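So the structure is just underneath, and the comments pick up after that.
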Amino acid sequence: MNLWGPIGVAILELKRSFSPFRIGTWVLMTAFPLLLIQLLLMRISPPPSAEALEAIAFFLIIRVVTVMGLLLWATPAISSEIEGRTWLYMATRPGGGQSVLLGKYLVAIGWAISSGFLAVLGVAWLAPLEDKGVFCLSMMGLVVLASMTFGATLSLIGALVQRRAMVVGMIYLVVVEGVLSAVPATLSELTVTLRLQILESQWLLSPDSPLVESLKTHSTFSLPSIVHVMILLAYTAVALGLALWRIRVGGYLTDPED
Amino acid sequence: MSQAPSAVIELNHVTRLYNTVIGVNDLHLTIPQGSYGLVGPNGAGKSTLIGLLTGALQPTRGEVRVFGVNPLKEPRVLRRIGICPASELLLPRTPAIDWVTELMMVGGFSLAEARARSIEALRYTGMADAMHLPIGSYSLGMRQRVKLAQAIAHDPDLLILDEPFNGLDPVGRFEMNQFLRQWTGRGKTLILASHVLAEVEMVTDAFLLIYGGRLLAQGTTEELRRIVADLPQQMTLSGPDVARLSGRLAAAPWVESMQLSADRQSLRIEARHADELLTQLNRWIIEDHITVTKMVGAEGDLSSLFDILTRRHRGYAR
């Protein structure tokens with residue numbers, strides 16, 4: 001694979017992605033946490049504490065907005081080419097399939113990060129937080145890490161599962177990143193969500209917060225932030241590597257009847 | 001300096017299965033530089049074979065070599081291949097120039113070079129005025145031209161076109177013909193897949209006949225005619241007095257069977273040797289002044305030709 005390949009795919013994918021549907025979805029996703037937090041501030045009296053608002057913002061921005069955006073934009077990287085009947089044109093060029101995956105991955109995380117960043121800035125502007133600077137920096141770091149890691153994992157699912165990749169991606173998000181990450185067991189330490197929660201607790205929450213208390217049961221909680229960041233980057237590299245390998249093997253069904 | 005391999009394509013007992021469905025079955029052939037028609041009805045395995053040649057599909061058994069290397073193990077060889085698949089292009093909002101540029105970049109060219117090559121190829125295929133319009137606004141013929149442009153923009157040594165005449169009007173067909181003749185005249189290799197024999201005959205007289213995933217025959221038009229001539233053949237004659245031929249046919253030792261229709265207007269003959277049947281039949285029709293309004297045999301009907309060759313392949317015929 002050459003470097004121009006993913007750049008070429010990313011340029012065209014970015015142009016194509018400025019569609020009314022994509023922009024509409026992006027606006028809705030960005031506005032969703034802001035609307036919900038504004039509603040909470042208006043309806044609940046006394047308003048939730050700054051720490052509670054930060055935890056809510058983490059859930060809405062990282063676990064809903066970023067993840068859902070990536071599910072929609074990163075997972076169908078391969079299947080959309082096959083359905084659009086353009087896969088064969090890509091797959092018959094050296095490293096073509098890999099270029100598609102990487103180019104679309106870059107665009108998908110670009111959209112997810114931009115949506116997450118705007119939502120973070122919006123929440124910082126709306127909510128009465130203690131240190132808005134720390135909140136913005138921490139949350140933006142988490143948005144970048146979440147986008148890279150979930151984007152890579154969902155791209156891998158898209159490369160492994162030719163049909164109904166989004167359904168499988170959704171099942172993964174609910175079962176593994178939703179249920180398993182909440183189980184106080186060693187297995188949950190394999191999830192991306194738990195790593196992000198530990199980073200959230202280290203960067204953003206006070207040590208006596210209930211969430212921090214619950215996370216302390218995990219053996220890796222006390223590891224420094226850089227280790228968790230490195231683990232998430234390693235997840236990203238492994239997931240992308242496996243996805244590229246799967247594409248290299250080839251054999252996607254494009255026109256089996258002939 | 002290493003010598004270039006003489007064979008452009010080598011298939012060594014290649015089989016490709018889709019679960020239990022056979023895509024191609026034990027294909028074994030060598031294709032030197034030149035121009036070839038890959039002819040077979042829909043579902044014959046042409047697209048599977050093309051997928052194998054371009055590394056898009058992995059053979060279940062056997063080995064594929066293009067320009068001396070396995071395209072799966074050494075995908076760099078794909079730079080020397082241009083492919084125009086048969087499938088319809090579904091890119092409603094993307095302009096042709098953007099799509100071809102993307103494909104050229106994926107092929108390894110820088111943005112500026114990819115753009116320049118794309119413009120040149122689209123101009124060459126007659127898309128100069130429409131290249132900035134979305135592909136969704138194009139006619140079927142224009143989409144075929146775009147597909148051709150992306151296949152030739154990187155100046156490949158082997159061009160594989162799958163049903164390139166689909167959707168082209170007579171002018172488009174003529175222009176495509178001209179282009180393909182020019183292409184082969186440049187010393188490059190062309191594989192032209194089609195289910196219409198006449199379309200391929202206009203470009204080349206070398207054929208690969210594929211059916212049911214198997215290579216039934218390979219050779220020039222004349223060689224194929226010779227194969228057919230030695231084979232049993234069915235022929236149906238229609239006319240007001242074709243029944244008069246039955247006496248002559250009954251005495252001929254090479255006639256296997258005859259069947260006259262109830263209205264005596266149609267005579268179906270099955271002969272052991274097509275060559276004898278055609279020679280004698282022509283003579284008798286002229287000598288006996290028999291009026292024949294219709295004559296249908298294997299050479300006028302591609303499916304009959306495949307039927308004959310399949311029977312030969314299976315050993316039902318000598």
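Each chain gets a letter, A, B and so on, in the order its sequence line appears, and its residues count up from 1. Every value quoted in this text rests on a predicted model; they were computed, and no experiment measured them.
The parts of B/Ser110 that come within reach of chain A are both its backbone and its side chain, each placing non-hydrogen atoms under 4.5 angstrom from that chain. Neither the backbone nor the side chain of A/Gln98 comes within contact range of chain B, judged by heavy atoms closer than 4.5 Å.
The environment of CD in B/Glu120 is sparse: at most 12 heavy-atom neighbours from other residues, nucleotides or ligands sit within 6.0 Å. The number of heavy-atom neighbours closer than 6.0 Å to CE of A/Met170, taken from other residues, nucleotides and ligands shown, is 12 or below. The environment of CG in A/Leu3 is sparse: at most 12 heavy-atom neighbours from other residues, nucleotides or ligands sit within 6.0 Å.
A heavy-atom distance below 4.5 Å is not found between the side chains of B/Glu102 and A/Lys15. Within the 4.5 Å cutoff, no side-chain heavy atoms of A/Arg93 are placed close to those of B/Met105. Within the 4.5 Å cutoff, the side chain of A/Ile7 has no heavy atoms near those of the B/Leu111 side chain.
When all heavy atoms of A/Arg248 and B/Lys73 are compared, the pair lying nearest together is NH2-O, 3.5 Å. Here the closest heavy-atom approach between residue B/Val106 and residue A/Gly96 is recorded as CG1-CA, 3.4 Å. Shortest non-hydrogen contact noted between B/Leu72 and A/Val249 is CD2-O, 4.4 Å. B/Pro85 and A/Tyr89 get closest at one heavy-atom pair: CD-CE2, 3.2 Å.
With hydrogens and angles disregarded, no donor-acceptor distance shorter than 3.5 Å links the side chain of A/Asn2 to the backbone of B/Gly107. No side-chain donor-acceptor contact under 3.5 Å links B/Arg76 to the backbone of A/Pro94. Looking only at distances, no side-chain donor or acceptor of A/Arg85 sits under 3.5 Å from a matching main-chain atom of B/Ala86. With hydrogens and angles disregarded, a donor-acceptor distance shorter than 3.5 Å links the side chain of B/Arg93 to the backbone of A/Arg16.
Here B/Leu91 is the residue among B/Thr101, B/Leu91, B/Ile50 with the most heavy-atom pairs under 4.5 Å with chain A.
A distance of 8.5 Å separates CD1 in B/Ile81 from OG1 in A/Thr92, rounded to the nearest 0.5 Å.
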